[in-house]
2 protein chains.
Amino acid sequence: MSDKTPTIYDVARAAGVAPSTVSRAFSRPDRVNVDTAAMIRATAAALGYRTNPLARALPTGQTSMIALATADITNPYYFEIIRGAQDAAAERGYTTLLSDAQESVTRERESIERAIPTVEGIVLASTRMSDSAIRMVAKQRPLIVINRDITDVPHVVADHAMSVRQAVDHLVGLGHRHITYLSGPDAAWVNAMRWRALRSYAAEHEVQVRRVGPYPPTATGGRQAAEEFRDHRTSAVIAYNDLLAIGFIRRLVSFGARVPQDVSVVGFDNIFVTQLTSPEITSVAPPLRTLGSMAVHNLLALIGGASPTTGRPLALPTRLYARGSTGAAPTRRRAWRSVTSPAPRESATTPGNRLPSPD
Amino acid sequence: MSDKTPTIYDVARAAGVAPSTVSRAFSRPDRVNVDTAAMIRATAAALGYRTNPLARALPTGQTSMIALATADITNPYYFEIIRGAQDAAAERGYTTLLSDAQESVTRERESIERAIPTVEGIVLASTRMSDSAIRMVAKQRPLIVINRDITDVPHVVADHAMSVRQAVDHLVGLGHRHITYLSGPDAAWVNAMRWRALRSYAAEHEVQVRRVGPYPPTATGGRQAAEEFRDHRTSAVIAYNDLLAIGFIRRLVSFGARVPQDVSVVGFDNIFVTQLTSPEITSVAPPLRTLGSMAVHNLLALIGGASPTTGRPLALPTRLYARGSTGAAPTRRRAWRSVTSPAPRESATTPGNRLPSPD
DNA sequence: GACCTGACGGCAAGCGGTTGCCGGGAGTTG
DNA sequence: CAACTCCCGGCAACCGCTTGCCGTCAGGTC
């Protein structure tokens, strides 16, 4: 009994067959007699044999791995996408390699470059790369892009027009007629889509919209936005995403504004944090989990040799969750509560994540 | 020009040397003449050659991958750990394979089993596995455990005693003398440590402590906790983690309690969400990022052949961030505000993440 | 009974690197 | 100038699994 992990050769010897037969017993069961196969499996099990994915990958190129590239893994937005993707992948025996670009294009490219040789395909979730860069990657590996419509590259997208309609309808239903859009990163395709959809839909409904930004898609970005909003108020605000909405509201409140009495705010993505704030955030939820799993399904089909055109990129429906951050439009504009009144304080501390390592 | 990616053989032919020389030019530059090496690198670059990690891994076993196993990737607690680990790994040319157990022991074991053949080492972040199961894994691959002190298995831990002291000192400083501990999962080693430390430290300071739970380490768990707390109040509460603290506070507030006037709450981990709630959550921050990077450093050392005893497991210092959820103890206990008064409403909706896939 | 067919197992050549070992030649030493 | 080192490049044998191809043999056909 050697301490090394057993190989097909060990199994072959023990079972009295050729290595090739052992191999086939696992990878091509139909190619070998059922009894022989059963016998081989049995001895393999007894020896504790497990096929080495690396060795298998070399001749076949099948690593059973796919990459899921995210712009920032700490953004709750990705949670459900990741879950959906991983579940779908695991179901088919694939492992998901999560890559995190930390919101940097360079890092994104690097980590993708690095992943390419080991993965069979790639899912790009809200990439910041240019169309041409994406096409370069698509040339090397099967690729699916989430939430970005790029010609000739297969993708899955949420129905952005629908999401915007839901947000606007909700606000209009509450009597709002003036909406400010807090813009996300310019490089984010979704941001552009939302704004475009918003503008055209608003036009149809005699709603005034204007855009401010761009801001980083974080709570900090939202705070910034609030500073600027202060001088150009509207009764309603649509934020590029929930994090932005949250930061925005917090700062606004610290200015003495009341949400939703003075300002109604709706976000996008419906991340779990929307339910942990006061007020809770009204948010439009894209089917994140479905996007993730669908992306992987399509990717796996592509890897399996399906033609890229299969499965027309239909836009997945979204849904609005009405919560405390939206309410009836004020009948007439009034001054915000004085700033001197006791407003919830905001902490200036930052997480102490960079403690020196004690050595 | 073939469309296949070039191999060392292609480079060798183009450069007029043997494949082995090409190989060495990359993996053992000192073993080959500098000029030759430079020439080879040049032709390699011209051909667009890049060494295939899979092929390299087969004979050497060096996959340049490590696994980071988390109990629940959607828990913000892991963010900084992940970042720290990934940075440290990337710095040394390693790729991190993130695995997500979704809080299930079976899944955790499965994904680790699955990862073992492809990774050189493993970091276990707050595993739910038993000591013996962990030792089994440690037998197969170099292993580092985060935040769990298990004999004979190398680990990195935060100073739990210190964190508890900080929480208690903070509360005592505010005049609190009765503390309830909201317990996390029984399987979480940290939970046990905290409670133990809390009990002994409290005893020294004439503070009454009691424990309730266990609860799942989520906002929902916190809500549950609030239900039970309602009938057995104390002026101060220490929650197993921030999520628990947040859920707890929200429910409490919906009961008419005021935080921090009636109840002070401190959490652990200092996740980013603590700064997005009202009130913001006072929290004790373990050096998450350092834990992550240190774990990887040690792991890499282990892989490099260092003896496991190297680098005594010292406990990393923690730090408390005082925020709005804690305040002076009430001079005397008084009734909570009536439940009928307008309390912030809590949404009953759940994220619509499981939209049927439209096919 | 000769011939054909299909199922099944084995042989051996890869997949793309790595590495122990060998040997030629330049440089060093006495 | 002989003897000895080193440096450096090549040869070839792996690493563990897959797979095209071939041979054997049982069963079916006429």
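Chain letters run A, B, ... following the sequence lines, proteins first and then strands; every chain starts at 1.
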Run the ring-centre check on Y9(B) versus Y49(B) and record whether the distance is less than 6.0 Å.
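So the answer is no for these two rings.
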
For the [atom1] atom of [X] and the [atom2] atom of [Y], what is their distance to the nearest 0.5 Å?
X      : Y      : atom1 : atom2 : answer
I73(B) : R83(A) : CD1   : CZ    : 8.0 Å
Q86(A) : I66(A) : CD    : CD1   : 9.0 Å
R56(A) : T51(A) : CZ    : OG1   : 4.0 Å

Taking the side chain as every heavy atom from C-beta outward, state whether T5(A) and N52(A) have any pair of such atoms under 4.5 Å apart.
no

Is there a side-chain contact between V157(A) and R148(A) in this structure, where contact means two heavy atoms from C-beta onward sitting under 4.5 Å apart?
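Answer no - side chains too far apart.
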
Do any of residues 14-24 of chain B sit with a heavy atom less than 4.0 Å from DNA chain D, and if so which?
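DNA chain D contact set from residues 14-24 of chain B: V17(B), A18(B), S20(B), T21(B), R24(B).
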
Which ones in residues 40-66 of chain B lie close to DNA chain D, meaning a heavy atom under 4.0 Å from one of its atoms?
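Nucleic-acid contacts, sorted: L58(B), P59(B).
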
In whole Å, I'd like the distance from the [atom1] atom of [X] to the [atom2] atom of [N].
X      : N       : atom1 : atom2 : value
N33(A) : dA26(D) : CG    : P     : 14 Å
R28(B) : dC7(D)  : CZ    : P     : 15 Å
F26(B) : dG9(D)  : CZ    : C1'   : 16 Å
R13(B) : dG10(D) : CZ    : P     : 14 Å

Polar side-chain atom of [X] near backbone of [Y] as donor-acceptor pair, under 3.5 Å:
X       : Y       : value
E108(B) : R128(B) : yes
T70(A)  : S99(A)  : yes
D87(A)  : G84(A)  : no
R135(B) : V153(B) : no
R50(B)  : E113(A) : yes

Footprint ends on DNA chain C, 5' to 3', for atoms under 4.0 angstrom from a heavy atom of chain B, come out as dG16(C) to dC21(C)

Sugar-phosphate, base or nothing in reach of Y9(A), heavy atoms under 4.0 Å
base

